[in-house]
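It should be emphasised that the depicted structure is a prediction, and the values quoted were computed from it without experimental measurement. The first residue in the sequence is number 1, and the count goes up from there.
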Amino acid sequence: MLCRFTLIPDGGVLIYQGRPGDTYEAALLSFGLNPDAALIFCRGRSLPQDKNIEEEEVVIFLASSRG
């Protein structure tokens with residue numbers, strides 16, 4: 001399963017390749033991003049961090065910088 005993460009505000013793109021049952025929280029952590037500082041959206045709808053990844057593309061709004 002692949003999911004494309006577009007990061008806002010920097011416009012970076014991350015591709016997550018995971019397994020069925022993986023959550024957005026697990027994906028964010030795998031990229032070194034703090035899930036508590038991120039909002040996840042798909043087609044204008046907010047998604048919870050603990051949701052299983054089913055979408056092919058999401059937008060991640062970062063409340064703080066990576067690192």
Side-chain angles (χ1 to χ4, degrees):
M1 162 247 326
L2 292 174
C3 184
R4 176 185 167 113
F5 288 50
T6 301
L7 305 178
I8 303 297
D10 65 6
V13 174
L14 302 171
I15 304 296
Y16 182 75
Q17 183 171 352
R19 292 178 245 154
D22 284 356
T23 64
Y24 286 104
E25 179 179 30
L28 291 169
L29 289 170
S30 77
F31 292 125
L33 299 172
N34 180 356
D36 294 331
L39 299 173
I40 307 157
F41 285 85
C42 181
R43 292 187 284 283
R45 194 182 90 215
S46 178
L47 302 176
Q49 298 172 7
D50 62 353
K51 181 186 183 308
N52 289 348
I53 298 173
E54 299 167 337
E55 294 72 22
E56 293 180 8
E57 186 170 350
V58 295
V59 175
I60 308 292
F61 288 89
L62 300 173
S64 61
S65 63
R66 291 187 272 174

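- A pairwise comparison of heavy atoms in Ser30 and Ala27 identifies OG-O, 2.7 Å as the closest pair.
- Within the 4.5 Å cutoff, no side-chain heavy atoms of Ile40 are placed close to those of Lys51.
- Under the 4.5 Å side-chain heavy-atom criterion for grouping Ile, Leu, Val, Met, Phe, Trp and Tyr, Ile8 is not connected to Leu47 through any hydrophobic cluster.
- Atom CD of residue Glu25 and atom CG of residue Asn34 lie 9.5 Å apart, to the nearest 0.5 angstrom.
- The shortest distance between side-chain heavy atoms of Ser46 and Leu39 does not fall below 4.5 Å.
- A distance of 10.5 Å separates CG of Leu2 from CD1 of Ile53, quoted to the nearest 0.5 Å.
- By the 6.0 Å contact criterion, CD on Glu56 is open, its count of non-hydrogen atoms from other residues, nucleotides or ligands being 12 or less.
- Of all non-hydrogen atoms in Ala38 and Gln49, the two that sit nearest each other are O-NE2, 4.1 Å.
- Taking CG from Asp36 and CG from Leu28, the interatomic distance works out to 10.0 Å, rounded to the nearest 0.5 Å.
- When side chains are defined from C-beta on, Thr6 counts as touching Glu57, because their heavy atoms get closer than 4.5 Å.
- In this structure, the side chains of Tyr24 and Tyr16 stay at 4.5 Å or more apart for every pair of heavy atoms.
- If you chain together hydrophobic residues whose side chains sit under 4.5 Å apart, Val59 and Leu62 never meet in one group.
- With hydrophobic clusters built from ILVMFWY side chains whose heavy atoms lie under 4.5 angstrom apart, Phe5 does not share a cluster with Phe61.
- Between the CZ atom of Arg4 and the CD atom of Glu55 there is a distance of 15.0 Å, given to the nearest 0.5 Å.
- Two residues are said to be in side-chain contact when any heavy atoms from C-beta on lie closer than 4.5 Å; Leu33 and Leu14 meet this criterion.
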